[in-house]
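Below: the structure, in structure tokens.
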Amino acid sequence: MDSDIKTRVTPLEELKLPRKAGLDCMVVIYSSDARELGKRYILGPDPVLLGRGSENTIVLENDTISRSHCKIEKRRGGYYVSDLNSTNGTYVNDEPVDDYQLRRGDQVKVGDTIFKFLSGSDMEAQYHETIYRMTIVDGLTGVNNKRFLIEALEREIPRARRHERPLSLVMFDIDHFKQINDTFGHLAGDYVLKEMAQLIKSRLRSDADVLGRYGGEEFAVVLPETDLRGGAHIAEQMRALVADHPFRFEGEQIHVSVSLGVAQLADGWEVANFIKHADERLYAAKREGRNRVCY
């Protein structure tokens with residue numbers, strides 16, 4: 001069948017990318033687990049530990065990887081990868097290394113996973129930055145999407161255990177959202193989702209808390225270093241913020257409220273357990289009358 005659609009290959013230098021420094025990072029370019037492909041791990045002042053153990057910053061579940069395999073840390077103005085006496089070794093550009101200073105474009109192989117080191121000062125890093133944002137930000141609301149939420153939990157759960165600090169999760173959604181769509185139309189529903197998301201975002205700590213759209217009208221907030229009581233207090237502030245806010249779309253006043261469930265990370269819980277318990281509290285809030293917090 002004939003088509004007017006044409007494909008154009010655009011060189012990197014033609015992309016209209018912001019001319020500012022990006023972030024030094026490691027990007028997964030090969031993995032036996034397809035879900036890992038394209039994941040980006042930011043490098044900063046703190047050492048990044050890689051291995052099978054849950055205490056690592058980057059957990060890689062594969063028998064070819066040691067429990068504590070290697071680490072990447074900033075030293076003398078650059079990043080160094082150091083092998084931690086792993087069974088199968090750490091490789092950079094197919095050569096085994098004990099301690100090696102990374103250079104832009106280097107490929108680091110840990111077990112069956114290959115990372116590419118990208119310096120934030122170059123065009124390629126900015127390209128990956130742009131592409132990555134497209135995969136982690138919800139296009140409608142402008143907050144993080146489910147993928148980013150899961151990655152945040154995968155990162156924060158080991159960190160909370162490592163430092164023996166509390167971690168709370170708030171799951172919430174808009175009450176009677178279908179009724180809003182049916183009464184005022186889907187454009188009004190989209191407006192409510194976006195307005196509510198930005199309203200909640202304004203209450204949270206920009207440098208610590210993670211807000212994301214979990215799906216449909218359901219959202220989640222990851223609260224590092226926050227216990228159950230603190231999480232419930234923040235959730236109540238979120239509830240009141242939405243209930244008191246005047247939602248107006250095309251001259252119509254729309255009543256909006258949210259139900260929220262809060263859980264604190266417990267021993268033995270991984271991501272799925274954590275979400276399940278917070279979600280159960282959310283549905284308890286629904287059963288008890290909506291526009292309330294359960295924890």
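Just so we're clear, the structure is a prediction, and the values are computed from it rather than from any experiment.
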Taking side chain as C-beta onward, heavy atoms only, is [X] less than 4.5 Å from [Y]?
| X | Y | value |
| --- | --- | --- |
| Phe219 | Val258 | no |
| Ser168 | Val170 | no |
| Gln107 | Ile29 | yes |
| Thr183 | Glu252 | no |
| Ile72 | Tyr41 | no |
| Phe274 | Ile157 | yes |
| Ser259 | Leu282 | yes |
| Phe184 | Val192 | no |

Checking the side chain of [X] only, and the main-chain atoms of [Y] only, is there a donor and an acceptor separated by less than 3.5 Å?
| X | Y | answer |
| --- | --- | --- |
| Arg162 | Glu55 | yes |
| Gln198 | Thr141 | yes |
| Asn145 | Phe148 | yes |
| Arg239 | Val242 | no |
| Asn88 | Thr64 | yes |
| Arg287 | Ala285 | no |
| Ser66 | Thr87 | yes |
| Tyr295 | Leu260 | no |
| His69 | Gly89 | yes |

Can a salt bridge be assigned to the pair [X] and [Y] using a cut-off of 4.0 Å between side-chain N and carboxylate O?
| X | Y | answer |
| --- | --- | --- |
| Asp182 | Lys178 | yes |
| Glu154 | Lys39 | yes |
| Glu151 | Arg155 | no |
| Arg203 | Asp209 | no |
| Arg165 | Glu225 | yes |

Apply side chain to side chain contact (heavy atoms under 4.5 Å, CB included) to Arg205 and Thr226, showing your working. CA-CA 12 Å; Arg205 300 170 295 182; Thr226 305; 3.4 Å; yes

State, without any angle test, whether [X] and [Y] hold a side-chain donor-acceptor pair at a distance under 3.5 Å.
| X | Y | answer |
| --- | --- | --- |
| Arg52 | Asn62 | no |
| Asp175 | Ser257 | yes |
| Tyr214 | Asp279 | no |

More than 12 non-hydrogen atoms from neighbouring residues, nucleotides or ligands closer than 6.0 Å to CG on Asp99, yes or no? yes

How long is the gap from NE2 on His245 to CD1 on Ile254, to the nearest 0.5 Å? 10.5 Å

Glu270 vs Arg161, salt bridge (charged side-chain N to carboxylate O under 4.0 Å, His left out): CA-CA, chis, key distance, verdict: CA-CA 11 Å; Glu270 296 303 332; Arg161 291 196 172 122; 3.5 Å; yes

